[in-house]
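Working notes, beginning with the structure itself.
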Amino acid sequence: SSIASRLVYWTGNEKSSLIIAQKRLKVLFKEKEVKRLRDNITNEYVYYLHKAPTKINHRLKIADFISRLNRLGFELQNIELEYSELQESYNIRPDIMLEAKFNNISFVALVEVDLTKPFSNIIAYTEIVKDRKNKVKQPLPNKPLLLISVSDIPIKRTGEQVKPVQIKTDFSDIIKLTYLFMNKVN
């Protein structure tokens, strides 16, 4: 419901948006339009349409990340979950590939959400960045690329490897994404 409050029922006020979302989702549940279960960690209801979701904490964190970008004013233009287009060439499947715009800058972001481990596949992501610089054809949109890691575990990097922007899983530091665009994306 907190995610829906930011994505669908946003009024400009966090508390009133949450109350509206909770009321409307409760009606949808009573009318049997959606199903729900209670999340053990947040104690909030998780609403779904068909089967109960698996990997619920991971999926909620992904949805939460997207909702918070939306609330910060990022214009989300295209979102693909479990982006498989890089699987064949780089043997990775980012949790999110999104195209967005912020501060009149269009970009593409690859996002990894890791709740139990640090950012992985840094070699593959380094290859993607190198190939983009060398103009190797890729399935990614031809826009500036931003790598984002949502994890509480520090990223270990050596040598010429890329280092993604790291965001904590409680999103207490997500505002730093806006600062990148105030000074333009690297």
Side-chain angles (χ1 to χ4, degrees), residues 2-3 6-7 41-42 53-186:
S2 63
I3 295 167
R6 288 188 291 273
L7 285 175
I41 296 172
T42 64
T54 59
K55 301 185 207 168
I56 195 162
N57 291 332
H58 185 254
R59 291 180 184 206
L60 284 173
K61 202 55 72 175
I62 289 170
D64 201 4
F65 174 78
I66 293 167
S67 75
R68 289 171 188 273
L69 282 183
N70 187 57
R71 185 166 164 249
L72 284 172
F74 283 82
E75 184 183 320
L76 305 174
Q77 299 164 338
N78 179 31
I79 301 169
E80 293 188 41
L81 303 179
E82 295 184 14
Y83 185 66
S84 62
E85 298 298 316
L86 298 171
Q87 182 78 36
E88 189 175 314
S89 300
Y90 300 99
N91 200 29
I92 59 169
R93 187 181 291 226
D95 292 318
I96 310 167
M97 187 287 295
L98 63 86
E99 291 179 77
K101 190 174 185 178
F102 188 83
N103 200 24
N104 291 319
I105 300 170
S106 294
F107 67 98
V108 62
L110 298 176
V111 184
E112 290 284 356
V113 177
D114 296 307
L115 303 178
T116 59
K117 61 184 175 73
F119 183 80
S120 58
N121 298 316
I122 198 157
I123 294 169
Y125 284 101
T126 300
E127 287 303 312
I128 290 170
V129 170
K130 283 181 184 175
D131 284 353
R132 287 175 71 85
K133 285 180 183 175
N134 294 328
K135 301 194 184 325
V136 173
K137 186 172 166 82
Q138 295 177 326
L140 293 168
N142 190 21
K143 297 177 181 178
L145 177 64
L146 180 62
L147 302 176
I148 301 171
S149 169
V150 177
S151 178
D152 293 326
I153 303 166
I155 299 168
K156 293 179 182 173
R157 181 175 83 112
T158 60
E160 296 295 314
Q161 295 173 338
V162 296
K163 185 171 182 181
V165 176
Q166 186 166 5
I167 305 296
K168 295 177 183 175
T169 60
D170 66 0
F171 301 109
S172 59
D173 59 350
I174 196 167
I175 193 77
K176 69 178 155 186
L177 290 176
T178 63
Y179 298 136
L180 287 174
F181 291 95
M182 289 178 190
N183 297 320
K184 302 225 187 235
V185 176
N186 295 348

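From a predicted model like this one, the values you see are computed outputs, not experimental measurements.
More than 12 heavy atoms of other shown residues, nucleotides or ligands fall within 6.0 angstrom of atom NZ in Lys176. Atom CG of Asp170 is surrounded by more than 12 heavy atoms from other residues, nucleotides or ligands within 6.0 Å. Counted within 6.0 Å of CD1 on Ile175, heavy atoms from surrounding residues, nucleotides or ligands total more than 12; the atom is thus considered enclosed.
Here Glu75 contributes atom CD and Ile105 contributes atom CD1; the two are 13.0 Å apart, rounded to the nearest 0.5 Å. The CZ atom of Arg6 lies 7.0 Å from the CZ atom of Arg71; values are rounded to the nearest 0.5 Å. With rounding to the nearest 0.5 Å, the separation of CG in Asn103 from CG in Leu180 is 11.5 Å. Put simply, CG on Asp114 and CG on Asn121 are 9.0 Å apart, with the number rounded to the nearest 0.5 Å. Rounded to the nearest 0.5 angstrom, Thr169 OG1 and Asn57 CG are separated by 10.5 Å. Residue Leu86 holds its CG atom at 12.5 Å from CD of Glu127, rounded to the nearest 0.5 Å.
The two atoms that bring Gln166 and Ile153 nearest to each other are NE2-O, 2.8 Å, heavy atoms only. Taking each heavy atom of Pro118 and Ser151 in turn, the nearest pair found is CA-OG, 4.1 Å. Heavy-atom minimum distance, Glu80 versus Asn78: OE2-ND2, 3.5 Å. Summarising the geometry of Asp95 relative to Val113, their closest heavy-atom pair is OD2-N, 2.6 Å, with the distance given to 0.1 Å.
In this structure the side chain of Met97 reaches within 4.5 angstrom of the side chain of Leu140, judged on heavy atoms. Side-chain contact between Ile3 and Ser67 is present, with heavy atoms from C-beta onward closer than 4.5 Å. Counting heavy atoms from C-beta outward, Leu110 and Leu98 have side chains that stay 4.5 Å or more apart.
For the 3.5 Å distance criterion, the side chains of Tyr90 and Asp131 qualify, holding a donor opposite an acceptor.
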May I have the step-by-step check of side chain to side chain contact (heavy atoms under 4.5 Å, CB included) for Phe74 and Leu177, ending in yes or no? CA-CA 10 Å; Phe74 283 82; Leu177 290 176; 3.9 Å; yes
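Exactly one residue among Asp152, Ile174, Val111 makes a side chain to side chain contact (heavy atoms under 4.5 Å, CB included) with Ile167. That residue is Ile174. With Arg132 as the fixed residue, the side chain to side chain contact (heavy atoms under 4.5 Å, CB included) test singles out one of Ile128, Val136, Val129, Asn134: Ile128.
Aromatic ring centres of Tyr125 and Phe119: separated by under 6.0 Å.
At distances below 3.5 Å, at least one donor-acceptor pair connects side-chain atoms of Thr126 with backbone N or O atoms of Val162.
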Side-chain atoms of residues 141-150: list all donor-acceptor pairs with protein atoms under 3.5 Å, sequence neighbours left out, distances to 0.1 Å.
from   : atom 1 : to    : atom 2 : distance (Å)
Lys143 : NZ     : Glu99 : OE1    : 2.9

